[in-house]
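These notes concern the structure reproduced below.
First the proteins, then the strands, lettered A, B, ... as listed; each starts at 1. Atom set for the values below is all heavy atoms of this structure, side chains included, hydrogens, waters and symmetry mates excluded.
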There are 2 protein chains.
Amino acid sequence: MTDRPTRERILAVALGAYGTDGFSATSLDALADQLGVRKQTILYYFPSKQALFDAVVDDAAADLVKVFDEEASRGLSGIQQIEAIVRHVFRLAVRRPELLGLVREVTRPGSVTAERLAGHVAPTFDRARDFLQREMDAGRLRSSDPSMLLLSLYSTVVGVATELEVQRALGLPPSLRATVARRQELIRFLRAALATESAS
Amino acid sequence: MTDRPTRERILAVALGAYGTDGFSATSLDALADQLGVRKQTILYYFPSKQALFDAVVDDAAADLVKVFDEEASRGLSGIQQIEAIVRHVFRLAVRRPELLGLVREVTRPGSVTAERLAGHVAPTFDRARDFLQREMDAGRLRSSDPSMLLLSLYSTVVGVATELEVQRALGLPPSLRATVARRQELIRFLRAALATESAS
DNA sequence: AGCACTCTCTACCAATTGGTAGAGAACTCG
DNA sequence: CGAGTTCTCTACCAATTGGTAGAGAGTGCT
């Protein structure tokens with residue numbers, strides 16, 4: 001555990017902290033404590049707190065893009081593809097919640113780092129839009145504006161996967177089984193939202 | 001403008017700052033500067049930074065609950081009621097974006113203040129769930145688990161209304177006209193997601 | 001007038017913040 | 001061996017943080 005390169009360990013711990021508590025609520029000293037190291041060690045690898053954050057975002061973006069591009073390359077179609085992606089997002093939410101937490105942190109309105117993340121995921125977004133357009137043209141999805149549809153899909157999927165506090169307020173338990181049920185309910189919801197009149 | 005009671009001015013400015021930059025990125029000195037006052041004046045009205053935040057959350061929750069309860073009391077049914085609520089949320093997003101920004105801040109996973117907000121909106125959530133159940137029983141909405149459906153609706157509506165950075169990344173312009181288009185597209189999306197087979 | 005109350009201020013303070021300077025250990029390579 | 005390179009450390013520092021103590025101005029009541 002400790003023999004992983006220090007730089008990587010810093011990035012991993014920082015991702016967790018920034019994704020959970022946010023950027024400004026996480027001090028370098030707190031990170032250093034968690035790492036069993038002095039804060040100057042962190043500043044040796046990353047010239048400033050902001051630079052560390054940027055690196056964390058770059059790293060996380062690469063992970064996210066990899067997950068989605070691998071999935072997209074499998075070339076499923078219509079609802080099946082979307083179902084597969086929902087499954088992936090939920091797997092991420094369960095296995096690496098900090099990753100989606102970081103996305104939430106970075107996409108806060110007015111965030112300066114948002115543009116950085118946007119740059120990384122732009123090609124993936126483009127592909128997703130193209131996919132939606134193609135499927136609509138082929139009559140496998142209800143037709144609508146692909147960008148706006150993508151926004152709705154993004155909000156719904158990421159929200160259902162990450163809005164833990166809203167779920168608590170609604171009395172939805174955080175157990176794994178309940179999460180699976182939530183995912184299936186979400187898929188039914190999306191299926192209905194996306195289906196053409198003919199498709200089941 | 002300046003003759004509004006100081007306490008209220010503090011709450012208003014704090015709502016804006018907490019809703020935009022977040023709790024820990026907003027110092028009492030920054031608030032005081034914005035108010036043209038010393039920070040000790042703030043600490044006269046609110047014993048601590050956390051107490052001020054709690055008061056802001058209480059205030060915001062009251063506003064939110066009022067908006068929704070007024071709307072709910074009009075007794076629309078089915079999709080019409082949901083459309084009306086979507087319209088209200090978008091109006092809030094345009095007119096008082098800090099309010100939804102604060103909700104986003106407070107519902108961050110692990111937030112300690114989440115419970116406070118949850119306490120305020122619990123009755124409203126209950127009513128919403130009851131409404132959904134009733135409409136399902138009456139065959140006006142596709143049947144499913146009301147709590148999970150509410151979670152999906154919440155995520156989609158709040159997301160589409162507040163995910164400004166994702167919208168930018170998708171190339172969706174922030175103009176008012178575009179916002180209206182987004183709202184209408186969202187309503188089409190929800191209509192499809194919620195309709196029973198028979199309803200148009 | 002005199003007292004109490006409300007409000008905002010100045011003056012501090014200890015702790016924490018991100019960051020600089022540079023010493024010293026350990027390893028590599030000639 | 002000796003010189004560089006890589007890494008982590010100690011020692012500081014100025015600025016900012018949330019918060020305390022208490023002075024003083026204004027208002028209203030008796």
Grab the [atom1]-[atom2] distance between [X] and [N] for me, whole Å please.
X	N	atom1	atom2	value
A:Lys39	D:dC7	NZ	C1'	18 Å
A:Gln40	C:dA23	CD	C1'	13 Å
A:Asp29	D:dC13	CG	C1'	14 Å
A:Asp33	C:dT17	CG	C1'	14 Å
B:Leu28	C:dC13	CG	C1'	16 Å
A:Arg38	C:dA23	CZ	P	20 Å
A:Ile10	D:dC7	CD1	C1'	11 Å
A:Leu43	D:dC9	CG	C1'	13 Å

Under 4.0 Å between a side-chain N or O of [X] and OP1 or OP2 of [N]?
X	N	result
A:Ser27	C:dT17	yes
A:Thr6	D:dT8	yes
A:Tyr45	D:dT6	no
B:Thr41	C:dC9	yes
A:Tyr44	D:dT8	no

- prompt: Which part of the nucleic acid, if any, lies within contact of A:Thr26, taking any heavy atom under 4.0 Å across all strands shown: a base, the sugar-phosphate backbone alone, or nothing?
  reply: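 Sugar-phosphate, no base atom in range.
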
query: Any donor-acceptor pair under 3.5 Å between the side chain of B:Lys49 and the base of D:dG19?
result: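 No, no donor-acceptor pair under 3.5 Å.
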
- request: Quick one: sort the B:Phe189 and A:Phe189 rings into parallel, tilted or perpendicular, breaks at 30° and 60°.
  value: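 Correct class here is perpendicular.
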
task: Mind telling me whether B:Phe53 and B:Tyr18 have parallel, tilted or perpendicular rings, with 30° and 60° as the class edges?
output: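 Perpendicular, since the angle between the ring planes exceeds 60°.
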
- request: Would you mind listing the cluster partners of A:Leu176? Hydrophobic ones only (ILVMFWY), side-chain contacts under 4.5 Å, chaining allowed.
  value: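 A:Val94, all in the cluster of A:Leu176.
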
query: Taking atom CG of B:Leu186 and atom CZ of B:Arg87, what is their separation to the nearest 0.5 Å?
result: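 With rounding to 0.5 Å, CG (B:Leu186) is 11.0 Å from CZ (B:Arg87).
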
- request: Examine A:Phe125 and A:Leu92 and state if one hydrophobic cluster contains both, with Ile, Leu, Val, Met, Phe, Trp and Tyr joined whenever side-chain heavy atoms are less than 4.5 Å apart.
  value: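 Yes: a chain of side-chain contacts under 4.5 Å links A:Phe125 to A:Leu92.
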
